[in-house]
There are 2 protein chains.
Amino acid sequence: MTKVNTPQDSAIEYVCGVSVTLELIGGKWKGVILWHLCHKTLRFSQLKRRLPRVTQKMLTQQLRELEKDGLINRKVYPEVPPKVEYSLTELGRTLQPMLDGMCKWGMNYYENDSEQEISD
Amino acid sequence: MTKVNTPQDSAIEYVCGVSVTLELIGGKWKGVILWHLCHKTLRFSQLKRRLPRVTQKMLTQQLRELEKDGLINRKVYPEVPPKVEYSLTELGRTLQPMLDGMCKWGMNYYENDSEQEISD
DNA sequence: CTGTATCCCATTAGATACTG
DNA sequence: CAGTATCTAATGGGATACAG
């Protein structure tokens with residue numbers, strides 16, 4: 001958390017790193033996208049196949065934002081039919097430890113939660 | 001990522017731990033709330049003061065969800081005026097390494113981003 | 001294959017007023 | 001103090017059609 005002066009109201013504002021990070025990777029599909037790209041560079045269609053529930057619109061949108069924020073690279077091959085590959089940038093790679101941690105923590109939560117569920 | 005059989009369509013589905021985690025802590029204010037509670041048990045009003053932009057409604061809502069998911073405790077003191085304290089559960093505490101990582105990463109991103117900004 | 005554009009409904013979140 | 005209730009504006013996201 002660091003102090004910041006907002007020009008609008010000249011009030012002292014604090015920026016929390018956690019919020020900054022979550023704004024970048026907390027989008028509906030961004031976490032999974034990054035997680036997949038952690039392991040392998042993927043084409044649009046490959047990514048789509050790995051995320052069965054995402055619509056084309058949403059996938060495109062999330063990818064554009066991740067690109068804008070400098071976390072992923074978008075490489076277009078000038079071919080017909082088009083081929084576009086997405087990969088992590090160097091900055092994106094620095095997220096890997098956190099993504100791994102989130103993956104483990106989440107799976108653990110998910111499994112314990114399932115055990116405790118009452119079957120009806 | 002683990003295989004899961006969804007009863008609805010009997011199709012094979014994969015659950016990504018990253019998504020599970022982000023669904024729990026990715027809410028608009030959840031990250032910061034958890035981060036504050038990492039350091040100190042806080043009353044509703046104290047939390048609110050630390051999050052100047054959050055509305056009362058949103059704060060209440062996010063706290064309820066965090067409670068439901070087992071990440072925070074809500075302790076009501078039977079006093080007048082009311083006093084309610086929020087703290088991390090044992091499970092919530094296990095998030096701390098991740099939150100610390102996110103805090104550091106986010107601050108680093110924020111600072112480098114500010115440097116690169118073009119003043120106009 | 002990898003998108004963009006449009007329409008539209010559902011959900012979200014702010015503002016405001018009220019309460020034990 | 002710590003909420004709940006209600007109304008409303010804004011946003012989000014699905015479905016669909018079309019395009020380079």
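For clarity, every value in this text was computed on a predicted model and none was experimentally measured. Note that these values count all heavy atoms, side chains included, but never hydrogens, waters or copies made by symmetry. So you know, we letter chains A, B, ... as the sequences are listed, proteins then strands, and number each from 1.
- Taking CG of L63(A) as the start and CD of E67(A) as the end, the distance is 8.5 Å to the nearest 0.5 Å.
- Of the inter-residue distances, the one linking M107(B) atom CE with E111(B) atom CD reads 4.5 Å to the nearest 0.5 angstrom.
- As rounded to whole Å, 16 Å separates atom P of dA13(C) from atom CZ of R53(B).
- Within residues 57-84 of chain A, the residues having any heavy atom closer than 4.0 Å to DNA chain D are, in order of number, K57(A), M58(A), P82(A).
- Every residue was checked against the side-chain contact (heavy atoms from CB on, under 4.5 Å) condition with E90(A), not counting sequence neighbours, and none meets it.
- Listed by first then second residue, pairs satisfying side chain to side chain donor-acceptor pair (under 3.5 Å) with a partner in residues 16-34 of chain B read K30(B)-E65(B), not counting sequence neighbours.
- Here the CG atom belonging to L47(A) is positioned 5.5 Å from the CD1 atom belonging to I33(A), to the nearest 0.5 angstrom.
- Note on T55(A): every side-chain N or O is 4.0 Å or more away from OP1 and OP2 of dG13(D).
- Between K104(A) and D100(A) the shortest side-chain heavy-atom distance does not fall below 4.5 Å.
- Annotation: the terminal axes of the helix from dC1(C)-dG20(D) to dG20(C)-dC1(D) meet at 60°, where each axis is the rotation carrying the C1' atoms of four end pairs onto the next four (5 pairs per end, rounded to 10°).
- In this structure T94(B) satisfies the side-chain hydrogen bond (donor to acceptor under 3.5 Å, both in side chains) test together with W105(A), sequence neighbours excluded.
- Following chains of ILVMFWY side-chain contacts shorter than 4.5 Å, one can reach L66(B) starting from V76(B), so the two form part of one hydrophobic cluster.
- Comparing dA15(C), dT4(D), dG14(D) by their nearest atom to the side chain of Q56(B) picks out dT4(D).
- When all heavy atoms are compared, the tightest approach of R93(A) to L88(A) is NH1-CD1, 3.8 Å.
- Residues of residues 37-49 of chain B having a heavy atom closer than 4.0 Å to DNA chain D, listed by number: R43(B), F44(B), S45(B).
- Taking side-chain N and O atoms only, Y86(B) has no distance below 4.0 Å to OP1 or OP2 of dC1(D).
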L51(A) and M58(A): side-chain contact (heavy atoms from CB on, under 4.5 Å), yes or no, with the steps?
-> CA-CA 11 Å; L51(A) 273 39; M58(A) 279 308 292; over 6 Å; no

